[in-house]
> 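There's a structure below that I have some questions on.
Note that this is a predicted model, so its numbers are computed, not measured.
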Amino acid sequence: MSVYRSTYRHRLSSEDVRKARILITKDAWRLFPEPGQCVALRIGARRFDAEIRAEKCSCVPPEHEHYHLLCPALKGQNGFKSNALVVIAKDSDGGYRFVEERG
């Protein structure tokens, strides 16, 4: 996982793929709007509605939150598979773009 000023790279888990979501690690929270906000996610030439959601978790104490980018349209997309490295890039219009990392 890595975060740059306008991009976020993340390796997908099987749970991410099953639930059509991308985990947003804490170091990348500043790249995304607050949880509960809807965002536009571009996949190829199409735009879809997505949401930033916070979910309570107790995977390690104390109880805390994990943020996810949820978008049902991710299911079945090229590059949206377990263990794939993906990039979410922030566009100049405030939306986001899903890109499979190659190489």
Side-chain angles (χ1 to χ4, degrees):
M1 284 133 291
S2 61
V3 181
Y4 295 97
R5 200 168 4 161
S6 62
T7 60
Y8 171 62
R9 286 177 172 72
H10 179 72
R11 191 159 306 275
L12 298 173
S13 71
S14 57
E15 186 175 6
D16 288 333
V17 174
R18 190 170 33 45
K19 293 185 175 183
R21 68 183 191 185
I22 298 171
L23 174 70
I24 302 170
T25 56
K26 194 169 187 173
D27 59 331
W29 286 3
R30 68 185 184 286
L31 182 62
F32 296 90
E34 292 292 316
Q37 299 292 314
C38 291
V39 295
L41 180 65
R42 192 172 69 201
I43 303 171
R46 298 184 64 198
R47 283 192 172 278
F48 299 93
D49 291 332
E51 179 186 355
I52 305 298
R53 186 173 296 159
E55 298 175 349
K56 290 197 183 295
C57 183
S58 56
C59 60
V60 294
E63 186 176 53
H64 57 281
E65 291 183 326
H66 288 233
Y67 288 10
H68 295 93
L69 174 80
L70 280 82
C71 182
L74 287 168
K75 277 199 181 215
Q77 293 297 323
N78 247 357
F80 195 74
K81 55 189 177 273
S82 184
N83 210 36
L85 183 61
V86 296
V87 176
I88 300 295
K90 189 170 185 177
D91 288 332
S92 58
D93 66 1
Y96 294 84
R97 189 168 14 104
F98 168 83
V99 183
E100 177 188 10
E101 181 80 356
R102 303 219 181 245

> Within the 4.5 Å heavy-atom criterion, are T7 and I88 side-chain neighbours or not?
no
> Can you tell me if R11 uses its side chain to pair, donor with acceptor, with the backbone of N83 under 3.5 Å?
yes
> For R18, is the CZ atom crowded, meaning more than 12 foreign heavy atoms sit under 6.0 Å from it?
yes
> When you check the side-chain N and O atoms of H64 and H66, is any donor under 3.5 Å from an acceptor?
yes
> Which heavy atom in L23 sits nearest to a heavy atom in Y67, and how many Å separate them?
CD1-O, 3.5 Å
> Identify whether I52 and F48 are in the same connected component of the hydrophobic contact network (ILVMFWY, side-chain heavy atoms under 4.5 Å).
yes
> Go through the structure and list residues passing side chain to side chain contact (heavy atoms under 4.5 Å, CB included) with K19, not counting sequence neighbours.
E15, R21
> Grouping I, L, V, M, F, W and Y whenever their side-chain heavy atoms are under 4.5 Å apart, do I22 and V17 come out in a common cluster?
yes
> If a pair satisfies salt bridge (Lys or Arg N to Asp or Glu O under 4.0 Å) and one of its residues is in residues 56-65, list it, with sequence neighbours excluded.
none
> Any side chain to side chain donor-acceptor pair (under 3.5 Å) involving residues 85-97? Give me the pairs, sequence neighbours left out, ordered by first then second residue.
R47-D93, D91-R97
> For a quick test of reading the model, state the closest non-hydrogen atom pair linking A20 to L74 and the distance between them.
O-CD1, 4.2 Å
> Locate the shortest heavy-atom distance separating I24 from H68; write the atom from each residue and the value.
CD1-C, 3.9 Å
> Heavy atoms only: give me the nearest F98-V86 pair and the separation to one decimal.
CE1-CG1, 3.5 Å
> Just jot down the side-chain hydrogen bond (donor to acceptor under 3.5 Å, both in side chains) partners of Q37, sequence neighbours excluded, or say none.
none
> Compare every heavy atom of S82 with every heavy atom of S14, then report the nearest pair and how far apart it is.
N-OG, 3.5 Å
> With sequence neighbours left out, write down each residue that passes side-chain hydrogen bond (donor to acceptor under 3.5 Å, both in side chains) with S13, or none if nothing qualifies.
D16
> When rounded to the nearest 0.5 angstrom, what is the spacing between OG1 in T25 and NE2 in H10?
7.5 Å
> Look at the side-chain heavy atoms of Ile, Leu, Val, Met, Phe, Trp and Tyr, link any pair under 4.5 Å apart, and say whether I43 and F32 land in one connected group.
yes
> Looking only at heavy atoms, which two atoms of L12 and G79 are closest? And how far apart?
CD1-O, 4.1 Å
> Check whether any side-chain heavy atom of C71 lies under 4.5 Å from a side-chain heavy atom of D49, and answer yes or no.
no
